[in-house]
Q: 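Dumping the structure here so I can ask a few things about it.
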There are 2 protein chains.
Amino acid sequence: MFRVAMIDDHILMRQSLASVVNAIPGFTVIYEANNGMEFTKWLDPHNLPDLVLMDINMPIMNGHETAQWITAHYPKLKFIAISMLNDERSIIKMLRNGARGYLLKDSEILDFRQALQDVMSKGIYINTILYKHIVGSLQGSQPNEQVEQAILNEIGVREKEFLRWLCTDKSYKEIAAAMYLSPRTVDGYRDMLFEKLKVASRIGLVLFALRNEIAKI
Amino acid sequence: MFRVAMIDDHILMRQSLASVVNAIPGFTVIYEANNGMEFTKWLDPHNLPDLVLMDINMPIMNGHETAQWITAHYPKLKFIAISMLNDERSIIKMLRNGARGYLLKDSEILDFRQALQDVMSKGIYINTILYKHIVGSLQGSQPNEQVEQAILNEIGVREKEFLRWLCTDKSYKEIAAAMYLSPRTVDGYRDMLFEKLKVASRIGLVLFALRNEIAKI
DNA sequence: AAGAAACTGGGTGTTTTAACGGTATTTTTT
DNA sequence: AAAAAATACCGTTAAAACACCCAGTTTCTT
């Protein structure tokens, strides 16, 4: 029997959802809290629940904060976020913070049951909506890949190193020092890259480096 | 009966996989190609397959290119990528290009069947490995979130708009024009943000904006 | 209605970047 | 061993970015 904890400040919502959970074979609600703070105080390392369902909008300690706390303290503790917001930012943030799934409050009960079962059996629950948001957030902008790929091959190792330094809150002078080069030399690298990459400012170089994963954020 | 097309240059691999597909109730292989080019030539708009399984490493037209082509020409055509590479870059790229799933060549046959069934019934197949890569790619690096989170709340909407403009190969003057502001005003925004974000150059602002997804690459 | 907060505009310097137009050395390829 | 890249270096000038000062207006909160 999977033991479920629920966190939601809307008592009616929480209790009705709890009854749904209790009606799923193999699941039982063992605890309810009004917000993340209450939950963290209650949590006993020697007697963890198997699954946590949490609302995102809550007073005192909201879902995002609670998720971060759980991931920091009990990374193996599975939890599912439940929210009214079908908002990409919110979803992505929750997944980043370790959520095993993200359910909208207007989901069908069948999907809800599926989510709980999937999380316990496979470790995650992702439906089509969620998937679209995830892939959407991966996209950002899809640049002229083949064009940039060709240019990439024309960039030397030292230039790549330089590009990485560019993605830093340092001036060219400081970069020169860090690379053990004359300031003039880095000037030359910059000018060369401007030409190769068809940009006119350091920002352009930085964006290129990040897009092509020469440097990471 | 779902009609499946298979693209893979390794004939043995392809044919043995085809027999696995044919053994799944409800699935039948109707076509096999050695590479993406062959497949695109064969494809008949009036008689599309229900599902395409494609290898990524192929001569002439590889999986990534084929995926892009499919997404451009038949966005509703479902396809699953199959590859030896458990490589995040490759996986993410495939998902971006519209793949409904990504299978490793050393998957269990059970998982393989699950993938086909999930894609046809739910539209996607995501297993734990895939999920980790996706979430991993969402993360990049996990900075001092709580620190930056606090700062984020102190940034106004206009400042955020400005931050987005900063992530552009434009000068401040051009940004001012684009935002219908005086150059002095954007100077002020910049100086304010320097102070709030504890950085000393536009690069610092750009990196902050990208890290916190105020702007996208 | 008062005050706070956010948004908008300005002046005056100093420092940094960028554009132009080069040369010299080392490493790799042929 | 010669040719070709890649790497390292330099001077000048104009433009842009940055630092540090200021104040008026709109918008939201109380």
Side-chain angles (χ1 to χ4, degrees), chain A residues 57 59-60 89 148-212 214-215, chain B residues 147-215:
Chain A
N57 286 309
I60 303 175
R89 286 281 252 294
E148 302 218 326
Q149 187 59 46
I151 299 172
L152 259 179
N153 301 326
E154 300 196 347
I155 298 177
V157 285
R158 205 81 170 118
E159 284 174 327
K160 284 190 186 172
E161 205 184 320
F162 175 57
L163 279 171
R164 275 187 287 276
W165 278 109
L166 284 176
C167 301
T168 287
D169 200 9
K170 281 189 189 335
S171 73
Y172 287 112
K173 207 181 289 182
E174 291 172 311
I175 293 174
M179 290 179 74
Y180 303 106
L181 292 173
S182 146
R184 303 294 180 171
T185 304
V186 298
D187 270 10
Y189 284 170
R190 179 200 55 207
D191 294 348
M192 182 65 82
L193 286 170
F194 279 171
E195 200 176 326
K196 282 183 186 169
L197 308 184
K198 310 279 182 242
V199 297
S201 74
R202 178 168 168 181
I203 302 295
L205 299 181
V206 169
L207 294 176
F208 177 89
L210 295 175
R211 260 203 312 275
N212 293 285
I214 292 168
Chain B
V147 176
E148 302 217 327
Q149 188 59 46
I151 299 172
L152 260 180
N153 301 327
E154 299 194 349
I155 298 177
V157 284
R158 205 79 170 121
E159 283 174 327
K160 285 190 185 170
E161 206 183 321
F162 176 57
L163 279 171
R164 274 187 288 276
W165 278 109
L166 284 177
C167 300
T168 286
D169 199 9
K170 281 189 188 336
S171 71
Y172 287 111
K173 209 182 287 182
E174 291 172 311
I175 293 174
M179 290 179 74
Y180 303 107
L181 291 174
S182 148
R184 303 294 178 172
T185 306
V186 298
D187 268 12
Y189 284 170
R190 180 199 54 208
D191 294 349
M192 181 65 81
L193 286 170
F194 279 170
E195 198 175 327
K196 282 183 186 170
L197 307 184
K198 311 279 183 242
V199 297
S201 75
R202 178 167 165 180
I203 304 296
L205 299 181
V206 168
L207 294 175
F208 176 89
L210 294 175
R211 262 204 311 276
N212 293 284
E213 292 177 68
I214 292 168

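Here is how names work: the chains are called A, B, and so on, in the same order as the sequence lines, proteins then strands, and each is numbered from 1.
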Q: Looking at A:Arg190, I'd like to know whether one of its side-chain N or O atoms comes within less than 4.0 Å of OP1 or OP2 on C:dT17.
A: no

Q: For the pair made of CZ in B:Arg202 and C1' in C:dT17, what is the distance, rounded to whole Å?
A: 12 Å

Q: Between B:Arg184 and B:Asp187, does any NZ, NE, NH1 or NH2 come within less than 4.0 Å of an OD or OE carboxylate oxygen?
A: no

Q: Extract from the structure each pairing of a protein N or O with an N or O of nucleotides 7-14 of chain D at less than 3.5 Å, listing the distance.
A:
residue	atom	partner	partner atom	Å
D:dA8	OP1	A:Arg158	NE	3.0
D:dA8	OP2	A:Arg158	NE	2.9
D:dA8	OP2	A:Tyr189	OH	2.2
D:dC9	OP2	A:Ser182	N	2.9
D:dC9	OP2	A:Thr185	OG1	3.1
D:dC9	O5'	A:Thr185	OG1	3.3
D:dC10	OP2	A:Ser182	OG	2.9
D:dG11	N7	A:Arg184	NH1	3.0
D:dT12	O4	A:Arg184	NH1	3.4

Q: In this structure, how many angstroms lie between the C1' atom of C:dA6 and the CD atom of B:Glu161, rounded?
A: 14 Å

Q: Heavy atom of residues 165-173 of chain B under 4.0 Å from DNA chain D: which residues?
A: B:Ser171, B:Tyr172, B:Lys173

Q: Considering only NZ, NE, NH1 and NH2 on the basic side and carboxylate oxygens on the acidic side, decide whether A:Arg158 and A:Glu161 come within less than 4.0 Å.
A: yes

Q: For B:Met179, I'd like to know if atom CE has over 12 heavy atoms of other residues, nucleotides or ligands within 6.0 Å.
A: yes

Q: How long is the line joining CD1 of A:Ile203 and C1' of C:dT16, in whole Å?
A: 13 Å

Q: Could you tell me how far apart B:Glu195 (CD) and D:dC21 (C1') are, to the nearest whole angstrom?
A: 13 Å

Q: Please give, in whole Å, the distance from C:dT17 P to A:Phe162 CZ?
A: 10 Å

Q: Provide, to the nearest angstrom, the distance between the CG atom belonging to B:Leu197 and the P atom belonging to D:dC18.
A: 13 Å

